[in-house]
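Order of the sequence lines sets the chain letters (A, B, ...), proteins ahead of strands, with each chain counted from 1.
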There are 2 protein chains.
Amino acid sequence: MSAQKKHFENHLSYVLAAAHRSISKSLSDRLRKHGIKIEAWRVMECLDAGERLTMGQLADRALVNPPTLSKLVDRMVLDGLVHRRVADEDHRQINLLLTSLGRMRMIQIREDVDAEDQNLAALLDETSIDLLRKALAKLS
Amino acid sequence: MSAQKKHFENHLSYVLAAAHRSISKSLSDRLRKHGIKIEAWRVMECLDAGERLTMGQLADRALVNPPTLSKLVDRMVLDGLVHRRVADEDHRQINLLLTSLGRMRMIQIREDVDAEDQNLAALLDETSIDLLRKALAKLS
DNA sequence: TGAAACTAGTTTCCAAGTCAAATAAATTGA
DNA sequence: TCAATTTATTTGACTTGGAAACTAGTTTCA
């Protein structure tokens, strides 16, 4: 058994939380000037990705709980970024759609997110990043 | 340039958030029966690790903001898990100490956390975990 | 059919988090 | 020495997030 493990800081949940904390902090600092939160950016990217999404699917992909998404979307509607439409097939479902303002703003925001990603990529080599991505994917 | 990157789900910030979300969910589900949150567990482990810590140092290591820590500690004091003591050298500082109840409870909780870690470890091989730990550490 | 069971999304309510200001102790330097 | 500044922590007003309850639409099957 590999040594270590005396220190609780070796727990995967700890290093993961630490990395997540630091990365979301710098990303959300950068998004602050757009007046938007990381989750809202994720919602917009999800919507832009093509298929029509219901609130439920969106909650899964944007990594937020349904009640939180509901409230987030309220604000985004108010800001004119998205709009709700009752789904044709199943009237309980809501399809969320990006407005053209939403798409425009998303593209601007994406520039900043990509820039932030460059910073991040500088900390690790290409292959580590790939390994990291794959390892993390297995944990989700 | 490696293909991919069409999908925003490849952003490191996304995979990291997804993994963090899923892992903290299962861990906090498990801690629920102890009536404790992940952050409180981290605080207790920090305190148990030996050196006397001030609120500031604790906030850093337990990955919570100072005001949040202050309030979390209020509750933990109420629950009899820790107690505050004004530091001798600098009277602005507070040293937080585990009570013996706190230590006892921490040891019980640690069993569950370790069990959860076993589950996690089963998803990845030993070397991936090491790589992951190292890569994440660079990001923090 | 149509009542019962189920599902999607929203709302409510409360616990917990944030930001900025307040407090209090330590340090600086005129 | 003591006012001004800096630092550590807490407080207070406000916001956010989550669990559970609620509403409304859909499916099941007797």
Side-chain angles (χ1 to χ4, degrees), chain A residues 17 20-21 24-29 31-33 35-43 46-47 51-79 82-97, chain B residues 17 20-22 24-43 46-47 51-79 81-97:
Chain A
H20 177 251
R21 179 177 157 84
S24 359
K25 180 169 187 332
S26 50
L27 185 53
S28 63
D29 284 351
L31 294 190
R32 184 152 304 124
K33 68 168 175 294
I36 215 167
K37 314 212 306 176
I38 299 179
E39 288 77 15
W41 170 67
R42 288 204 294 252
V43 165
C46 288
L47 295 179
E51 7 147 30
R52 227 164 236 220
L53 295 177
T54 65
M55 295 295 277
Q57 297 168 321
L58 202 49
D60 283 344
R61 304 208 192 165
L63 311 175
V64 293
N65 298 334
T68 306
L69 180 62
S70 233
K71 293 166 201 170
L72 174 57
V73 166
D74 286 347
R75 281 172 252 141
M76 294 175 77
V77 168
L78 230 37
D79 293 345
V82 296
H83 63 103
R84 287 179 165 101
R85 167 172 301 171
V86 174
D88 319 322
E89 345 79 59
D90 185 335
H91 287 200
R92 288 170 305 181
Q93 300 185 7
I94 299 289
N95 288 135
L96 205 64
L97 304 165
Chain B
H20 177 250
R21 179 176 158 83
S22 129
S24 359
K25 181 171 186 330
S26 49
L27 184 53
S28 63
D29 284 351
R30 203 185 261 267
L31 296 190
R32 184 152 304 125
K33 68 167 175 295
H34 295 279
I36 214 165
K37 315 214 306 175
I38 299 179
E39 288 75 16
W41 170 67
R42 287 203 295 251
V43 165
C46 287
L47 295 179
E51 8 149 28
R52 221 161 240 223
L53 294 178
T54 65
M55 296 295 276
Q57 296 169 320
L58 201 49
D60 283 346
R61 304 208 193 167
L63 311 176
V64 293
N65 299 334
T68 306
L69 180 62
S70 229
K71 290 166 190 174
L72 173 57
V73 167
D74 286 347
R75 279 170 254 141
M76 294 175 77
V77 168
L78 230 38
D79 293 345
L81 302 175
V82 296
H83 63 102
R84 287 179 165 100
R85 168 170 303 171
V86 174
D88 320 320
E89 344 79 58
D90 185 335
H91 289 200
R92 289 169 307 179
Q93 302 186 107
I94 299 289
N95 288 135
L96 205 64
L97 302 165

Please report the distance, rounded to the nearest Å, between [atom1] in [X] and [atom2] in [N].
| X | N | atom1 | atom2 | result |
| --- | --- | --- | --- | --- |
| A:K71 | C:dC13 | NZ | P | 12 Å |
| B:M55 | C:dA24 | CE | P | 17 Å |
| B:I36 | C:dA15 | CD1 | C1' | 16 Å |

To the nearest 0.5 Å, how far apart are CD1 in A:I38 and CG in A:L31?
6.0 Å

Has B:K37 got a side-chain N or O lying under 4.0 Å from the OP1 or OP2 atom of C:dG17?
yes

Which residues satisfy the side-chain hydrogen bond (donor to acceptor under 3.5 Å, both in side chains) test with [X], sequence neighbours excluded?
| X | result |
| --- | --- |
| A:E89 | none |
| B:S28 | none |
| B:R42 | none |
| A:D88 | none |

Check residues 63-75 of chain B and write down every donor-acceptor pair under 3.5 Å in which the side-chain atom is one partner and the other belongs to a residue at least two apart or another chain.
residue: B:N65; atom: OD1; partner: A:R21; partner atom: NH2; Å: 3.3
residue: B:D74; atom: OD1; partner: B:R84; partner atom: NH1; Å: 3.0
residue: B:D74; atom: OD1; partner: B:R84; partner atom: NH2; Å: 2.9

A:K25: what forms a side chain to side chain contact (heavy atoms under 4.5 Å, CB included) with it, not counting sequence neighbours?
A:D29

Taking only residues two or more places apart in sequence or in another chain, which ones pass side chain to side chain contact (heavy atoms under 4.5 Å, CB included) with B:H91?
B:V86

Which residues share a salt bridge (charged side-chain N to carboxylate O under 4.0 Å, His left out) with A:R92, sequence neighbours left out:
A:D90

Can you give me the first and the last nucleotide of DNA chain D (5' to 3') that has an atom within less than 4.0 angstrom of a non-hydrogen atom in chain A?
D:dT16 to D:dT26

Residues touching DNA chain C, which here means a heavy atom under 4.0 Å, drawn from residues 60-70 of chain B:
B:N65, B:P67, B:T68

Run A:V77 and A:V82 through side-chain contact (heavy atoms from CB on, under 4.5 Å) and show every step you take.
CA-CA 5 Å; A:V77 168; A:V82 296; 3.9 Å; yes

What parts of residues 83-92 of chain A reach DNA chain D, counting only heavy atoms under 4.0 Å away?
A:E89, A:D90, A:H91, A:R92

